[in-house]
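Below: the structure, in structure tokens.
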There are 2 protein chains.
Amino acid sequence: MSVPPKADGGTAVPRRRAGRPSNAVLDRAHITTAALGIVSERGYPALTMAALARQLGVSPSALYNHASSKQEVLQWVQERVMSGVDSTGFGRVPLREALRRWARSYRDVFAEHAPLIPVVAVLPVAGSPRTLRMYESVAEGLSTEGWHPERIVPAIVALESFIFGSALDATAPLDILDPGQHASALPVFAGALEAQRATGAGPADTAFELGLDALLTGLLGAGEAGQESGRESPPA
Amino acid sequence: MSVPPKADGGTAVPRRRAGRPSNAVLDRAHITTAALGIVSERGYPALTMAALARQLGVSPSALYNHASSKQEVLQWVQERVMSGVDSTGFGRVPLREALRRWARSYRDVFAEHAPLIPVVAVLPVAGSPRTLRMYESVAEGLSTEGWHPERIVPAIVALESFIFGSALDATAPLDILDPGQHASALPVFAGALEAQRATGAGPADTAFELGLDALLTGLLGAGEAGQESGRESPPA
DNA sequence: ACCTGAACACCGTTCAAGT
DNA sequence: ACCTGAACACCGTTCAAGT
């Protein structure tokens, strides 16, 4: 569908001459798709305006007819990425379970797009309809369960903070907490690290599940709540 | 004390000629102090190797005799910044209170140094003795209260994730959640936002305190804050 | 309106030359 | 060992010129 300018009978690169093309080559959707292609194939460090232009077969300056800055391109990418977050549980499964699905998918999505986190954490959400609709779903879920209105936004923000922090943590090397030569000076921590290691569970996943459980319990109460979800819970 | 080469009888900038100076001008401590000076006066975007060199009165390339990269300089800054985190409560005040002081100071410190978060979240901690000592204090605090060893590290990581996420959130504009023109399509969320606003409390602070309370309750149990050991949690 | 190509003002980093 | 100064390979972004 992407109407790439086909080679004009030769074998050379399909170079365009200067001047306005008869039909526009670029638009927001194509730029976003190309950006995501680069990111998934070569990672965020490879996402430069030059690389993006190259992927699209245009010169870098052409991008500035559509985006006013690289930041804006990143916002488009974020909006697209948000579609991977699962907000479908609210109103359909017990609240605790809906929140759990939402939080897990949200964290998984941003673990794959960690460099977006510092951007989106500070970005006015008015520019992202998808994010706003997500907030509405969560707010409905809480409201239906009788939450006081003024407690809803802080709860969402608190969960989101935990989710973003956990997504960053998920990108850390497995041995990030290794104390190295200092181990002997830190007996309790070193022992705890070894004990965790011995469980064989991924440290980031374990921490996320423990924290999410704690947060949900603290926010919703410890009740029998949603019939405890699918994944395993940490051992006693 | 910093032995700046005095002007040699003239009024011009005290420029050094090439060649090894009789006593070294730079060291890790001075570089770190200069970096923090730039950050506190002009923010992280102003912290370039060129600006740092200028602040220290050397040429940019001189920095590479001491640091192998800008990343390394940022690690020195992080190590220094960690001294602002309060881990003194463990073993001296009730655990819940010690954790609360620790978390608050940790979040406040990194709210002032948000650009460090993506760096430190992924950095092997072996390079930061101060961070390791902090972990040991927290681990001791949990261990003393009877926590199972394998649960200690996940709890610390979960708290840290929430703290980092909250520190990022604390740097967001106050109206970041404003739905703008979409408000009418999001009645529940918009209402919740207005209700929160009406309380007059800062949204980031409110979310942090709510989340911290929830997390501590979920982790420690809802008890009178004292010696709840590990697992169970009382009423709804 | 929307493209090219040249140019700009930066970045972090390297390296020969100096003492 | 530790500095200077020139140079390199990038960045994102601007803008005149073209159609």
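Hydrogens, waters and symmetry mates are skipped; everything else that's a heavy atom, side chains included, is used. Here the structure is a predicted model, which is why all the values come from computation and not from measurement.
Checked for salt-bridge contact, Glu136(B) and Arg133(B) miss the test: no charged N lies under 4.0 Å from a carboxylate O. Between Arg104(A) and Asp205(A), none of the side-chain N atoms (NZ, or NE/NH1/NH2) sits under 4.0 Å from a carboxylate O, so this pair counts as no salt bridge. Taking 4.0 Å as the cut-off between side-chain N and carboxylate O, Arg107(A) and Asp169(A) do not count as a salt-bridged pair.
Distance CZ (Arg54(A)) to P (dC11(D)): 12 Å, rounded to an integer number of Å. Following rounding to the nearest Å, Gln71(A) (CD) and dT13(D) (C1') show an atom-to-atom distance of 14 Å. Remark: P of dG5(D) and CG of Leu63(B) are 14 Å apart, rounded to the nearest angstrom. Rounding to whole angstrom units, CE of residue Met49(A) and P of dC11(D) are separated by 12 Å. The distance from atom CG of Asn65(B) to atom P of dC15(C) is 13 Å, rounded to the nearest whole Å. Computed from coordinates, the Arg16(B) CZ to dT19(C) P distance equals 15 Å when rounded to whole Å. In this structure, Tyr64(A) atom OH and dC2(C) atom P are separated by 17 Å, rounded to whole Å. Rounded to whole Å, the distance from CD on Glu72(A) to P on dG12(D) is 15 Å.
Within 4.0 Å of Thr48(A), counting heavy atoms only, lie sugar-phosphate atoms of the nucleic acid but no base atom.
Between Ala62(A) and Leu47(A), the residue anchored closer to the 5' end of DNA chain D is Leu47(A), taking for each the nucleotide with the nearest heavy atom.
In the interface, the side chain of Ser61(B) is paired with the base of dG5(D) through a donor and an acceptor atom under 3.5 Å apart.
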